[in-house]
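Notes to accompany the following structure.
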Amino acid sequence: TAIEAFVYAIVAGAKIINVSWTLDAGVESRFMVEAIQRAESKGGLLIVAAGNGKKDLTVDPVYPAAYRLSNVITVAALNPIGEMASFSNYGDGIVDIAAPGVNIVTTGPGVNFTYFSGTSAAAPHVTAVAALILSRNPDLAPDQVAELLKERYSQNDSLQGLVTGSRMLNALEAVTS
């Protein structure tokens, strides 16, 4: 289960966990919240895909994306011109940042490369930047890494009302400032 996966990752020493999946809309889980909080107590930060249902998460939440916990960063997907991807969930006050999520090159079966779109393609970009931040500052707590991601970004006016602070991932700014 997802909860077992969190526990395994934390026991194994993971500090940053990419969560590229969602549970059924509107289904909150006390056990999931407890697992996320346990991850935080062990130094774990979760980077969570917002989901691909074109939903306003402030009205129609999906989880774990809609959990407002200090060690959860929720990620929407951007198209190649920097606008919200047509499929991405959104929600000012819930979605923390947006990152590229359309036509992302990835590996396919065998040795092939393929293209992938979704918030599950966007979240790993933020996960990678969080890992770079932590590699430069290994003593940071999860909420401090999350705050750096929320403070060091590019403003994207097309995300106003869709993503908190109209934040678009800026890896260089996040890692070097």
Side-chain angles (χ1 to χ4, degrees), residues 1-23 29-51 57 62-78 82 88-101 104-107 113 116 118-156 159 163-177:
T1 67
I3 295 168
E4 292 170 327
F6 287 151
V7 171
Y8 175 83
I10 294 308
V11 169
K15 298 295 181 195
I16 301 169
I17 302 168
N18 185 77
V19 182
S20 285
W21 48 265
T22 59
L23 299 173
S29 165
R30 175 176 58 92
F31 300 110
M32 178 71 67
V33 170
E34 289 173 1
I36 294 169
Q37 291 170 331
R38 181 174 177 190
E40 182 177 29
S41 74
K42 300 291 185 181
L45 174 66
L46 280 70
I47 310 296
V48 179
L57 298 181
V62 296
Y63 298 95
Y67 288 131
R68 300 313 314 143
L69 301 169
S70 64
N71 66 323
V72 173
I73 296 287
T74 300
V75 182
L78 295 173
S88 184
N89 287 349
Y90 56 92
D92 195 1
I94 292 180
V95 175
D96 297 298
I97 198 162
I104 304 302
V105 177
T106 187
T107 54
F113 290 93
F116 176 60
T119 58
S120 294
H125 288 87
V126 179
T127 301
V129 172
L132 289 170
I133 291 169
L134 195 58
S135 74
R136 291 178 55 104
N137 305 283
D139 295 328
L140 292 179
D143 61 328
Q144 293 172 307
V145 175
E147 284 306 309
L148 286 174
L149 287 167
K150 293 176 188 177
E151 292 171 358
R152 300 175 179 175
Y153 61 91
S154 290
Q155 179 91 23
N156 181 333
L159 301 175
V163 175
T164 307
S166 302
R167 296 180 191 121
M168 179 176 71
L169 182 66
N170 181 328
L172 182 63
E173 179 70 21
V175 174
T176 60
S177 292

**Message:** Under the rule for side-chain contact (heavy atoms from CB on, under 4.5 Å), what residues qualify as partners of Ala122, not counting sequence neighbours?
**Reply:**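 Only Val75, Ala77, Ala99 meet the side-chain contact (heavy atoms from CB on, under 4.5 Å) criterion with Ala122.
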Got a list of side-chain donor-acceptor pairs under 3.5 Å for residues 126-147, not counting sequence neighbours?
| unit_1 | atom_1 | unit_2 | atom_2 | d |
| --- | --- | --- | --- | --- |
| Thr127 | OG1 | Asn18 | OD1 | 2.7 |
| Thr127 | OG1 | Ala123 | O | 3.0 |
| Ser135 | OG | Leu132 | O | 2.7 |
| Arg136 | NE | Val175 | O | 3.1 |
| Asn137 | ND2 | Ile133 | O | 3.1 |
| Gln144 | OE1 | Ala141 | N | 2.6 |

**Message:** Once side-chain hydrogen bond (donor to acceptor under 3.5 Å, both in side chains) is applied, do any residues pair with Thr119, and if so which ones, sequence neighbours excluded?
**Reply:**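 side-chain hydrogen bond (donor to acceptor under 3.5 Å, both in side chains) list for Thr119, sorted by chain: Asn52.
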**Item:** Set of side-chain hydrogen bond (donor to acceptor under 3.5 Å, both in side chains) partners for Thr106, sequence neighbours left out
**Value:**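 Thr106 satisfies side-chain hydrogen bond (donor to acceptor under 3.5 Å, both in side chains) with no other residue.
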**Message:** For a 4.5 angstrom cut-off between non-hydrogen side-chain atoms, does Leu78 reach Leu159?
**Reply:**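 A side-chain contact under 4.5 Å exists here.
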Donor-acceptor under 3.5 Å ([X] side chain, [Y] main chain):
X      : Y     : value
Thr164 : Val95 : yes
Asn156 : Gly82 : yes
Lys15  : Lys42 : yes

Considering all heavy atoms of both residues, which atom of [X] and which atom of [Y] are nearest to each other, and what is their separation?
X      : Y      : value
Ser120 : Ser20  : OG-O, 2.9 Å
Ala49  : Thr22  : O-CG2, 3.8 Å
Ile94  : Arg68  : O-NH1, 2.7 Å
Phe116 : Ala121 : CD2-CB, 3.4 Å

Under 3.5 Å, side-chain donor or acceptor atoms of residues 165-174 against the rest of the protein: list the pairs with distances, not counting sequence neighbours.
| unit_1 | atom_1 | unit_2 | atom_2 | d |
| --- | --- | --- | --- | --- |
| Ser166 | OG | Gln160 | N | 3.3 |
| Arg167 | NE | Lys150 | O | 3.0 |
| Arg167 | NH1 | Asp96 | O | 3.0 |
| Asn170 | OD1 | Leu172 | N | 3.3 |
| Asn170 | OD1 | Glu173 | N | 2.9 |
| Asn170 | ND2 | Ser154 | OG | 2.9 |
| Glu173 | OE1 | Ser177 | OG | 3.4 |
| Glu173 | OE2 | Ser177 | OG | 2.7 |

**Request:** With Pro64 as reference, evaluate Ile36, Thr74, Val72 under the side chain to side chain contact (heavy atoms under 4.5 Å, CB included) test and give the passing residue.
**Result:** Ile36
**Request:** Would you check, one step at a time, whether the test side-chain contact (heavy atoms from CB on, under 4.5 Å) holds for Leu149 with Ile47?
**Result:** CA-CA 11 Å; Leu149 287 167; Ile47 310 296; 4.3 Å; yes
**Message:** For Arg30, give me all partners under salt bridge (charged side-chain N to carboxylate O under 4.0 Å, His left out), at least two apart in sequence or on another chain.
**Reply:**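 So Arg30 forms a salt bridge (charged side-chain N to carboxylate O under 4.0 Å, His left out) with Glu34.
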